[in-house]
**Student:** 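Please read through the structure below; I'll follow up with questions.
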Amino acid sequence: MKSETQKSVPFFDYKWLYREHGTNLSKIINGVMEKGAFILQGELKEFEEKLANYLNVKHAIGVGNCTDGLLLSLKSLNLQKGDEVLFPAHTFVATAAAIFHAGATPVPCEIGSDHLMDPKHLEDKITKKTKAIVPVQLNGRTANMQAIMEIAEKHDLIVVEDAAQALGSTYKGRMAGSFGVAAAFSFYPAKTLGCLGDGGAVVTNNDEIAEKVFLFRDHGRDKNGVINFWGMNSRLDNMQAAVLSYFLDHYNDTVKRRRELAAIYNKNLKGIESLVLPPYDSNEDHFDIFQNYEIEAKNRDNLKEFLGENGVGTLVQWGGKAVHQNEHLGLMSHHLPATERMVASSLLLPLNLSLADEDVTYVCDKIKEYYDAAAS
Ligand SMILES: *Cc1c(COP(=O)(O)O)cnc(C)c1O
């Protein structure tokens, strides 16, 4: 039966961008260079307006990266030392680091079967010191924001979204990033809207927060050069903004293709008992954009090795640890059994625009081959 020759399906092909878009990108970059327009110039403003329009929010502010975006959003809330901020433990350390550097205490919470913040466990973690919640819209899926916002309202907590992985994802027709008082997006190259280096944005409907973040990213300086408070330098490069405008113009196609690839995985992996597949649009409330295709796999490490031997790159996210399991961060006393169980079997399969349909079916065939052999 095994007639297929070995393919190479890298987890992420960073050089594809140049092969596919190099000519157009060179033109854009040359144009910016010719103008000498590098910092806080027209291309940045244009991208910010485009992004705000796309998300249907009032303000978008380009910043150095998403980690800074979260930090600046949280800083604008004037959190005090000892204030607790809840976040789902299945996330990049950046979520918690932003809370920490904003001067508050990060408190990790459980995830549900959708791998996102579990509203059912959230209330258990609320104390008198809790001030805010940072849900993470992971893998291109938006959390159950109705339940989370209801809990936030009931306990008078502020919500800031980590939407690094979720540009264009919706819940009940509303865009990820438009639920909380503010949200941050990442334009890291491997994100669904990636630039040629680091980049990020804060979005908000709140004028006061927008003004603060806007000043904060440029040393607290206003247009008259007055330093309004202790700020920092976290500006989205004008060149990166020009590149992002170009990709944002094609973004609907990007999302469409990602969803097609995810559908091929779903179709081919359905029914394999050793796997739990991601909750693809599991009900009409969700529209997923598939930043990642995250499966739970029996014998995860062996499967990963087998796929590697067959030319398929996969990723164990966050080094295989939920945030609280990192021994040097002081969060080890938290026990989150559902999260810990999930990260032990979690595996990301390749899902990128560089993939052909056949690449995905090849990955699926290899996964089937692995579990068939294990069963016999
Ligand atoms: C990528 C990512 C970040 C950090 O984004 P940067 O732009 O690299 O700072 C934060 N949170 C999540 C969930 C991410 O995936």
Side-chain angles (χ1 to χ4, degrees), residues 6-30 32-33 43 47 51 62-69 91-94 138-140 163-169 184-201 236-262 264-265 289-295 304-305 307-320 346-360 362-363 366:
Q6 175 153 339
K7 275 178 178 280
S8 167
V9 186
F11 180 70
F12 191 87
D13 182 2
Y14 285 95
K15 290 182 183 166
W16 174 83
L17 207 67
Y18 183 73
R19 290 201 303 276
E20 188 71 16
H21 295 281
T23 312
N24 289 342
L25 292 175
S26 297
K27 267 189 217 147
I28 291 166
I29 290 166
N30 280 332
V32 171
M33 279 199 295
E43 283 75 6
F47 172 64
L51 184 65
V63 293
N65 53 71
C66 177
T67 313
D68 279 0
T91 184
F92 188 34
V93 67
L138 200 72
N139 295 333
Q165 299 195 356
L167 183 68
S169 162
F185 288 92
S186 174
F187 309 126
Y188 181 84
K191 298 285 157 78
T192 55
L193 182 71
C195 63
L196 307 178
D198 277 312
L236 177 62
D237 284 339
N238 198 58
M239 186 107 77
Q240 300 292 6
V243 167
L244 286 163
S245 274
Y246 165 74
F247 283 120
L248 189 54
D249 289 342
H250 300 89
Y251 193 66
N252 286 338
D253 291 337
T254 302
V255 169
K256 187 162 166 259
R257 180 62 184 153
R258 298 190 79 92
R259 287 170 54 80
E260 275 170 19
L261 293 167
I264 300 173
Y265 273 125
I289 60 135
F290 291 96
Q291 163 68 58
N292 296 313
Y293 194 87
E294 181 179 41
I295 59 170
K304 179 177 172 52
E305 195 182 329
L307 291 174
E309 286 161 5
N310 285 281
V312 177
T314 55
L315 183 73
V316 173
Q317 232 175 349
W318 340 121
S346 157
L347 188 67
L348 301 189
L349 303 178
L351 198 166
N352 298 290
L353 266 59
S354 61
L355 301 179
D357 292 4
E358 299 74 48
D359 294 325
V360 176
Y362 173 79
V363 175
K366 289 297 157 189

**Student:** Between Asn30 and Met33, is any pair of side-chain heavy atoms under 4.5 Å apart?
**Tutor:** yes

**Student:** Which heavy-atom pair separates Ala184 from Gly69 by the least distance, and what is that distance?
**Tutor:** CB-C, 3.8 Å

**Student:** Take Arg19 and Asp13 through the test side-chain contact (heavy atoms from CB on, under 4.5 Å) and record every step on the way to the result.
**Tutor:** CA-CA 10 Å; Arg19 290 201 303 276; Asp13 182 2; 2.8 Å; yes

**Student:** Evaluate the side-chain proximity of Leu347 to Val316: yes if any heavy-atom separation is below 4.5 Å, no if none is.
**Tutor:**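 They are in contact (side-chain heavy atoms under 4.5 Å apart), so the answer is yes.
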
**Student:** Is there side-chain contact between Leu261 and Phe290, with heavy atoms separated by less than 4.5 Å?
**Tutor:**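 Contact flag for Leu261/Phe290 side chains = no.
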
**Student:** What's the verdict on side-chain contact (heavy atoms from CB on, under 4.5 Å) for Leu236 and Leu244, showing C-alpha distance, side-chain angles and the deciding distance?
**Tutor:** CA-CA 10 Å; Leu236 177 62; Leu244 286 163; 4.0 Å; yes

**Student:** Measure the CD1-CG distance between Ile289 and Asn252 for me, rounded to the nearest 0.5 Å.
**Tutor:** 11.5 Å

**Student:** Using modelled atom types and a 3.5 Å cut-off, is there a donor and acceptor pairing between side-chain atoms of Asn65 and backbone atoms of Thr67?
**Tutor:**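 Looks like yes, one N/O pair under 3.5 Å.
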
**Student:** Does Leu138 reach the side chain of Phe92, with side-chain heavy atoms less than 4.5 Å apart?
**Tutor:** no

**Student:** Walk me through it: do Leu167 and Leu51 pass the test side-chain contact (heavy atoms from CB on, under 4.5 Å)?
**Tutor:** CA-CA 10 Å; Leu167 183 68; Leu51 184 65; 3.9 Å; yes

**Student:** Identify every side-chain donor-acceptor pair in residues 187-197 under 3.5 Å, counting partners at least two apart or on other chains, and give the distances.
**Tutor:**
unit_1, atom_1, unit_2, atom_2, d
Thr192, OG1, Tyr251, OH, 2.7

**Student:** Do the side chains of Tyr293 and Val363 get nearer than 4.5 Å, heavy atoms only?
**Tutor:** no

**Student:** Contact between Glu43 and Ile28 at the side-chain level, heavy atoms closer than 4.5 Å - yes or no?
**Tutor:** no

**Student:** Within the 4.5 Å heavy-atom criterion, are Phe11 and Leu348 side-chain neighbours or not?
**Tutor:** yes

**Student:** In Å, rounded to the nearest 0.5 Å, how long is the span from CG of Leu353 to NE2 of His21?
**Tutor:**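 Between atom CG of Leu353 and atom NE2 of His21 there are 7.0 Å.
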
**Student:** OH of Tyr18: more than 12 outside heavy atoms within 6.0 angstrom?
**Tutor:**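 Not buried by this count: 12 neighbours or fewer within 6.0 Å.
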
**Student:** How many angstroms lie between CG in Asp198 and OG in Ser186, if you round to the nearest 0.5 Å?
**Tutor:** 7.5 Å

**Student:** Passes side-chain contact (heavy atoms from CB on, under 4.5 Å), Phe47 versus Leu248? Steps please.
**Tutor:** CA-CA 9 Å; Phe47 172 64; Leu248 189 54; 3.9 Å; yes

**Student:** Sorted by first residue and then second, give each side chain to side chain donor-acceptor pair (under 3.5 Å) pair with at least one member in residues 346-357; sequence neighbours left out.
**Tutor:**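 Every pair satisfying side chain to side chain donor-acceptor pair (under 3.5 Å) with a residue in residues 346-357: Arg257-Asp357, Glu294-Ser346.
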
**Student:** Ignoring hydrogens and geometry, is there a side-chain-to-backbone donor-acceptor pair from Arg258 to Leu351 under 3.5 Å?
**Tutor:** yes

**Student:** Mind checking what makes side chain to side chain donor-acceptor pair (under 3.5 Å) contact with Asn292, not counting sequence neighbours?
**Tutor:**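 Testing Asn292 for side chain to side chain donor-acceptor pair (under 3.5 Å), a comparison that skips the adjacent residues, returns Asn139, Gln165.
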
**Student:** So, Lys304 side chain and Thr314 main chain: donor-acceptor pair closer than 3.5 Å or not?
**Tutor:** yes

**Student:** What closest approach, in Å, do Pro350 and Tyr265 show between heavy atoms, and which atom pair accounts for it?
**Tutor:** O-OH, 2.5 Å

**Student:** Taking Ala356's backbone N and O only, do any of them form a donor-acceptor pair with Asp359's side chain (distance below 3.5 Å, no angle check)?
**Tutor:**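 Here the side-chain-to-backbone pair exists.
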
**Student:** Could you grab the distance from atom CE of Met239 to atom CG of Leu25, nearest 0.5 Å is fine?
**Tutor:** 11.5 Å

**Student:** What is the distance from atom NZ of Lys366 to atom CD of Gln6, rounded to the nearest 0.5 Å?
**Tutor:** 7.0 Å

**Student:** Evaluate the side-chain proximity of Tyr362 to Ser8: yes if any heavy-atom separation is below 4.5 Å, no if none is.
**Tutor:** no

